[in-house]
Amino acid sequence: MTAPRTPTPRKAFGRLSLPERSFVADALRTETVGGVLLLLAAVAALIWANVPALHDSYESVSDFHFGPGAIGLNLSVAHWAADGLLAIFFFVAGVELKRELVAGDLRDPKAAALPVVAALCGMAAPALVYVFTSTAGGGSLAGWAVPTATDIAFALAVLAVIGTSLPSALRAFLLTLAVVDDLFAILIIAVFFTDDLNFVALGGAVAGLAVFWVLLRKGVRGWYVYVPLALVVWALMYNSGIHATIAGVAMGLMLRCHRHEGEEHSPGEHIEHLVRPLSAGLAVPLFALFSAGVAVSGDALAKVFTQPETLGVVLGLVVGKTLGIFGGTWLTARFTRASLSDELAWADVFAVATLAGIGFTVSLLIGELAFEDDAAMTDSVKAAVLAGSLIATALATVLLKIRNSKYRKLIEEEERDEDLSGVPDVYEQDDPAYHLRMAEIHERKAAEHRRLAREKAAERDALAEVTDGASEDHEGPA
């Protein structure tokens with residue numbers, strides 16, 4: 001009787017497949033560059049808003065209105081950045097989510113459980129921390145959603161600055177976590193920050209999205225068709241009372257992200273490749289430039305840690321995010337019987353969870369929506385987001401630096417390509433051709449070493465003969 005086979009335990013944070021690793025590497029490369037620009041934009045905003053000689057000009061530029069007022073779009077520069085440019089960011093988030101659902105990790109329910117549960121716990125815990133802190137201090141509960149978002153671009157920029165060679169599996173987890181995080185942030189904005197609805201405009205936006213979907217299914221091509229239609233849908237969505245960024249994510253989710261036979265890239269992948277640099281390099285940094293400009297002083301910083309609302313935001317980002325994501329990951333691994341990859345430790349997961357406490361873009365946006373009628377509290381909450389993100393950055397830097405040498409070894413192993421095939425060796429272990437190529441390489445090296453051995457032996461023998469001859473000459477009588 002044949003013994004029953006014992007199923008191989010699933011590895012959490014195991015090595016990615018080669019196509020997934022290539023996609024993640026490309027996406028993270030763009031996000032990292034965008035994150036560096038985001039950091040620069042945030043610093044520029046703080047300088048612009050806090051230097052006395054420049055402060056008035058910052059306020060003037062941010063409050064400058066332009067646009068067609070007849071259709072309700074005479075908006076300030078800051079408003080255009082938050083509602084207009086961020087729609088591009090959420091469009092990319094929608095495409096990312098669609099790709100993950102049909103071609104990435106989220107298509108497999110077992111693999112999807114880890115980042116989804118981690119993201120949900122990583123949003124619920126900060127909200128609970130905020131509610132508890134604000135309630136205990138007698139503050140407003142309006143900002144409960146502010147610390148729930150993770151800024152992937154900012155987090156990756158921190159990684160780039162501190163030079164941490166985080167293994168691709170952990171980077172992919174961070175990226176997927178942020179994609180799911182963005183989805184739920186969008187739902188929070190749509191459900192909790194929508195006031196009065198204009199059903200005529202909403203119906204027009206839905207009709208425009210339906211036309212967008214039909215054109216995609218019919219295979220109609222041309223930016224000159226889709227860009228004007230997207231602008232119309234965005235304008236209608238804005239006037240409907242629902243946050244206009246919802247239009248971006250809805251259109252992103254409609255794109256086809258699976259490949260047909262003979263296609264090198266799906267339409268969604270192709271468009272994301274074109275739009276992602278615009279989002280990461282222009283839209284998000286400009287939003288940061290006109291959202292992060294808050295007055296920073298000793299008194300303002302003191303209020304961050306004394307007001308219940310702002311303290312709730314800081315603790316939500318630093319404590320809630322870390323414990324939520326780490327706890328969700330540990331529980332998922334525990335109850336799905338998934339073991340951690342042999343090369344990693346739970347300390348690595350904790351460090352990544354701390355890194356996810358960097359909330360910037362979406363946190364600033366939700367802060368503006370939550371305290372829309374209270375300009376002073378809006379600025380205080382923005383300062384709290386900056387402070388919380390800075391503390392999370394410092395903690396993550398320390399934790400990741402401790403294991404940086406281990407990460408470098410893992411990255412070197414992942415990227416080693418001794419046979420120069422263009423594919424890392426770790427992905428070719430089951431390919432007979434790889435082992436034949438390696439055998440030829442080692443045979444050439446062995447032949448070279450044998451040649452060098454013969455040369456060195458001949459040189460040593462010649463040196464010995466010369467030495468012996470010299471000894472014989474000196475042995476005669478003086």
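Because the structure is a prediction, the values reported are computed rather than measured. Quick note: residue numbers are just sequence positions, from 1.
Going from atom CD1 of Ile402 over to atom CG of Asp348 covers 10.5 Å, rounded to the nearest 0.5 Å. In this structure, the separation between CG on Leu315 and CZ on Phe305 is 8.5 Å, given to the nearest 0.5 Å. Separation of atoms CG (Leu54) and CH2 (Trp48) is listed at 8.5 Å; rounding is to 0.5 Å. Separating the CE atom in Met251 from the CD1 atom in Ile271 is a distance of 11.5 Å, to the nearest 0.5 Å. Here OG1 of Thr393 is found 7.5 Å from CG of Leu355. Values are rounded to the nearest 0.5 Å. Rounding to the nearest 0.5 angstrom, the gap separating the OG1 atom in Thr150 from the CG atom in Leu174 is 7.5 Å.
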> Going through the checks in order, is the side chain to side chain contact (heavy atoms under 4.5 Å, CB included) test met by Leu86 and Thr361?
Replying inline: CA-CA 9 Å; Leu86 276 196; Thr361 305; 3.7 Å; yes
>> Run Phe350 and Trp330 through side chain to side chain contact (heavy atoms under 4.5 Å, CB included) and show every step you take.
In response: CA-CA 10 Å; Phe350 188 85; Trp330 186 87; over 6 Å; no
> Under the side chain to side chain contact (heavy atoms under 4.5 Å, CB included) criterion, do Leu114 and Thr329 qualify, and how do the steps go?
Replying inline: CA-CA 6 Å; Leu114 189 66; Thr329 303; 3.6 Å; yes
> Could you go step by step and tell me if Glu372 and Thr378 meet the side chain to side chain donor-acceptor pair (under 3.5 Å) rule?
Replying inline: CA-CA 7 Å; Glu372 191 172 11; Thr378 298; over 6 Å; no
>> As a quick check of understanding, evaluate side chain to side chain contact (heavy atoms under 4.5 Å, CB included) for Leu38 and Phe360, giving each step before the final call.
In response: CA-CA 10 Å; Leu38 179 61; Phe360 193 76; 3.7 Å; yes
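A donor and an acceptor atom, one from each side chain of Ser240 and Asn198, are nowhere located under 3.5 Å apart. In summary, the side chains of Ser380 and Glu309 do not present any donor paired with an acceptor at a separation below 3.5 Å, with no hydrogens or angles considered.
Remark: side-chain polar atoms of Ser389 are paired, donor with acceptor, to backbone N or O of Gly359 under 3.5 angstrom. Looking at Asp181, its side chain never comes within 3.5 Å of a backbone N or O of Leu177 through a donor-acceptor pair. Remark: the backbone N or O of Ile189 is not paired with any side-chain donor or acceptor of His243 at under 3.5 angstrom.
Looking at Phe326 and Thr354, their side chains never come closer than 4.5 Å, going by heavy atoms from C-beta outward. In this structure the side chain of Val249 never reaches within 4.5 angstrom of the side chain of Thr245, judged on heavy atoms. Residues Phe66 and Phe64 meet the side-chain proximity criterion, which asks for heavy atoms closer than 4.5 Å. Between Val146 and Val385, some side-chain heavy-atom pair lies under the 4.5 Å cut-off. The side-chain heavy atoms of Leu331 and Val117, taken from C-beta on, include no pair separated by under 4.5 Å. Looking at Val362 and Asp151, their side chains never come closer than 4.5 Å, going by heavy atoms from C-beta outward. Side-chain atoms of Gln307 and Met377, non-hydrogen and from C-beta on, do get closer than 4.5 Å to each other. Taking the side chain as every heavy atom from C-beta outward, Ser266 and His258 never approach each other to under 4.5 Å.
Heavy atoms of other residues, nucleotides or ligands lying less than 6.0 angstrom from NE2 of His270 number 12 at most.
Aromatic ring orientation, Phe290 versus Tyr58: parallel (interplanar angle below 30°, classes split at 30° and 60°). By the 30° and 60° cut-offs, the orientation of the rings of Trp234 relative to Trp80 is parallel.
In terms of heavy atoms, Leu317 sits closest to Ser363 at CD2-OG, 4.4 Å. Closest approach of Ile246 and Ala190 over heavy atoms only: CD1-CB, 3.9 Å. Counting all heavy atoms, side chain and backbone alike, Ala41 lies closest to Pro285 at CB-O, 3.2 Å. Scanning both residues, Ala356 and Ile325, for their nearest heavy atoms gives CB-CD1, 3.3 Å. Closest of all the heavy-atom pairs between Gly252 and Lys98 is O-CB, 4.3 Å. Residue Lys382 comes nearest to Leu364 through the heavy atom pair CG-CD2, 3.8 Å, listed as atom of the first residue, atom of the second, then distance.
When each of Phe192, Phe193, Phe371 is tested with Trp144 by the rule ring-ring contact (aromatic ring centres under 6.0 Å, His included), just one qualifies, namely Phe192.
If you look at Tyr238 and His79, their ring centroids are closer than 6.0 Å.
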Pair up each side-chain donor or acceptor in residues 120-135 with any protein partner under 3.5 Å, not counting sequence neighbours, and list the distances.
| residue | atom | partner | partner atom | Å |
| --- | --- | --- | --- | --- |
| Tyr130 | OH | Ser140 | O | 2.8 |
| Tyr130 | OH | Gly143 | N | 3.4 |
| Thr133 | OG1 | Val129 | O | 2.8 |
| Ser134 | OG | Ser140 | N | 3.4 |
| Ser134 | OG | Ser140 | O | 2.7 |
| Thr135 | OG1 | Val131 | O | 2.6 |

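No salt bridge links Lys303 with Asp379; every basic N to acidic carboxylate O contact stays at or beyond 4.0 Å.
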